[in-house]
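Since the structure comes first, as structure tokens, the remarks are kept for the end.
Both ligands and their constituent atoms are indexed starting at 1 by order of listing.
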Amino acid sequence: MLSKASADSIQRQIEGMAAFNATPEYGTTRILFTKQELENRAYVKEEMRRLGLTVTEDAIGNIYATHKGTEPELAPVWTGSHIDTVPNAGNFDGMAGVVCGLEAMRLFNECGVSHKRDISVVVYTSEEPTRFGLSCLGSRAMSGDMLLEETKKIFDQSGRTLYDKLVELGYPVDEKYTDILKRPGDVYAAVELHIEQNNRLEKMNLPIGIVKKICAPSNYVVEVTGVQSHAGGTDMTDRRDAFAAVCEMELALEKLARECPSEYNTATIGHLEVLPNAMNVIPGKVTFTIDIRDCNWNTKQTLIEAFQSDFRRIAANRGVSISIHEDNNDAPLTCNEKIISIIEESCKNRQLGYTKLISGPYHDTLFVGRFAPAAMIFVPSKNGISHSPDEWTDYGQLAQGADVLAETLLKLANSEKAL
Ligand code: GLV
Ligand code: MN
Ligand code: MN
């Protein structure tokens with residue numbers, strides 16, 4: 001029997017990582033391959049070594065810290081999450097999964113338990129799309145969804161490609177990129193712990209959520225071009241206002257998302273650039289992003305076709321032109337039923353209440369689940385808030401999550417049954 005996870009040790013680790021922060025005046029900002037993120041990588045590798053784990057890193061910077069099993073020829077069990085953040089984030093989105101994974105390893109050491117399969121805590125490179133406009137870079141590469149050539153086609157704000165940045169940092173991209181790829185059978189099972197980023201657990205007063213499906217994002221960049229002109233001198237009946245057209249598009253998108261028959265879906269226009277963005281000028285051009293999520297592929301594709309046709313109709317009616325560019329259209333994941341049952345059993349053993357949930361946010365597990373049986377454990381988010389300095393989960397609740405995670409990992413690492 002494992003002893004209980006320590007809320008103090010989890011707090012120490014969360015606070016240890018929080019020190020690597022580009023915006024200490026407001027929340028936590030740790031963007032891929034910035035000084036803070038690189039320092040956090042070094043810190044986490046050091047913590048992994050202190051736990052006696054074997055640490056390796058692949059050509060895109062995914063970090064693997066392995067607790068050796070007695071039968072290392074068997075496929076390993078994975079846990080882990082990410083350490084990069086959105087701008088002005090909290091200290092839990094991503095880090096909770098890495099810290100609780102490491103806490104599970106600490107418990108294995110403390111209790112002297114052995115297990116057949118290797119268990120690895122994986123830190124996936126850049127789950128957030130903040131730097132290169134594309135999410136889950138490390139796990140996407142593992143799944144074969146982003147080949148080497150594609151790393152040369154995604155740019156950060158300074159115009160540098162992911163490929164160039166990896167080369168600059170000394171990652172062996174040309175020699176070792178294909179080694180990142182994982183195939184079915186390479187990983188026996190993967191379980192990621194994450195904060196819920198919603199308030200359902202809190203409302204139900206439950207400590208644990210077990211994820212049954214993960215919504216996948218589809219992202220678009222839309223450019224609407226009208227006629228820039230004088231705000232006072234252009235009759236209301238004679239304008240081609242790009243922003244007015246975009247407002248109508250937003251309402252059409254909202255209506256489609258609200259009426260979509262999916263079990264869970266969302267649609268958001270999150271980033272807008274209005275030109276010239278001046279009080280007395282009719283906007284001539286608006287560029288904006290669309291983020292669509294759905295746990296069902298078919299309803300998502302229907303919505304995507306519908307929004308494109310609505311947007312084109314609105315543009316034509318208003319005499320503005322439109323271009324729609326698709327960045328990604330990812331497939332949702334249904335989590336592995338057998339792993340879900342093992343997590344349920346672990347909750348019951350620990351007398352922790354749980355419910356099964358759909359995740360609206362995406363996670364690296366979305367891509368890991370393409371090559372390995374996978375599932376996720378959620379812990380409550382205070383007031384459901386995330387991607388905000390107000391993000392919070394009590395350390396005691398993280399410890400309860402770590403207990404369920406540790407027991408689940410151990411069961412999986414000793415199992416020989418097909419999942
Ligand atoms: C991940 O942070 C997401 O946007 O779901
Ligand atoms: Mn996030
Ligand atoms: Mn996350």
Step-by-step side chain to side chain contact (heavy atoms under 4.5 Å, CB included) determination, Asn329 to Trp297: CA-CA 10 Å; Asn329 184 12; Trp297 172 257; 3.7 Å; yes

Derivation and outcome, side chain to side chain donor-acceptor pair (under 3.5 Å), residues Thr28 and Asn91: CA-CA 7 Å; Thr28 298; Asn91 291 332; 2.6 Å; yes

From CA spacing to verdict: salt bridge (charged side-chain N to carboxylate O under 4.0 Å, His left out), Glu150, Arg140: CA-CA 11 Å; Glu150 288 159 75; Arg140 200 180 275 275; over 6 Å; no

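From the protein, the heavy atom lying nearest to atom 4 (O) of ligand 1 is Arg293 NH2, 2.9 Å. Considering only non-hydrogen protein atoms, atom 2 (O) of ligand 1 sits nearest to Glu128 OE1, 2.9 Å. Of all protein heavy atoms, the one lying nearest to atom 1 (C) of ligand 1 is Tyr362 CE1, 3.5 Å.
By the 30° and 60° cut-offs, the orientation of the rings of His363 relative to Phe378 is perpendicular. Ring geometry for Phe288 against Phe311 counts as tilted: the plane angle lies between 30° and 60°, on a 0 to 90° scale.
The nearest N, O or S atom of His194 is closer to the Mn ion (ligand 3) than 2.8 Å.
Rounded to 10°, the angle formed at the Mn ion (ligand 3) by NE2 of His82 and OD1 of Asp93 is 90°. Our summary of the site lists the angle at the Mn ion (ligand 2) between OE2 of Glu128 and NE2 of His387 as 110°, to the nearest 10 degrees.
Each of the atoms 5 (O) of ligand 1 lies under 4.0 Å from some heavy atom of Pro361.
Distances from ligand 1 to the non-hydrogen atoms of His363 include no value under 4.0 Å.
Annotation for Lys382: atom NZ does not count as buried by contact number, only 12 or fewer foreign heavy atoms lying within 6.0 Å.
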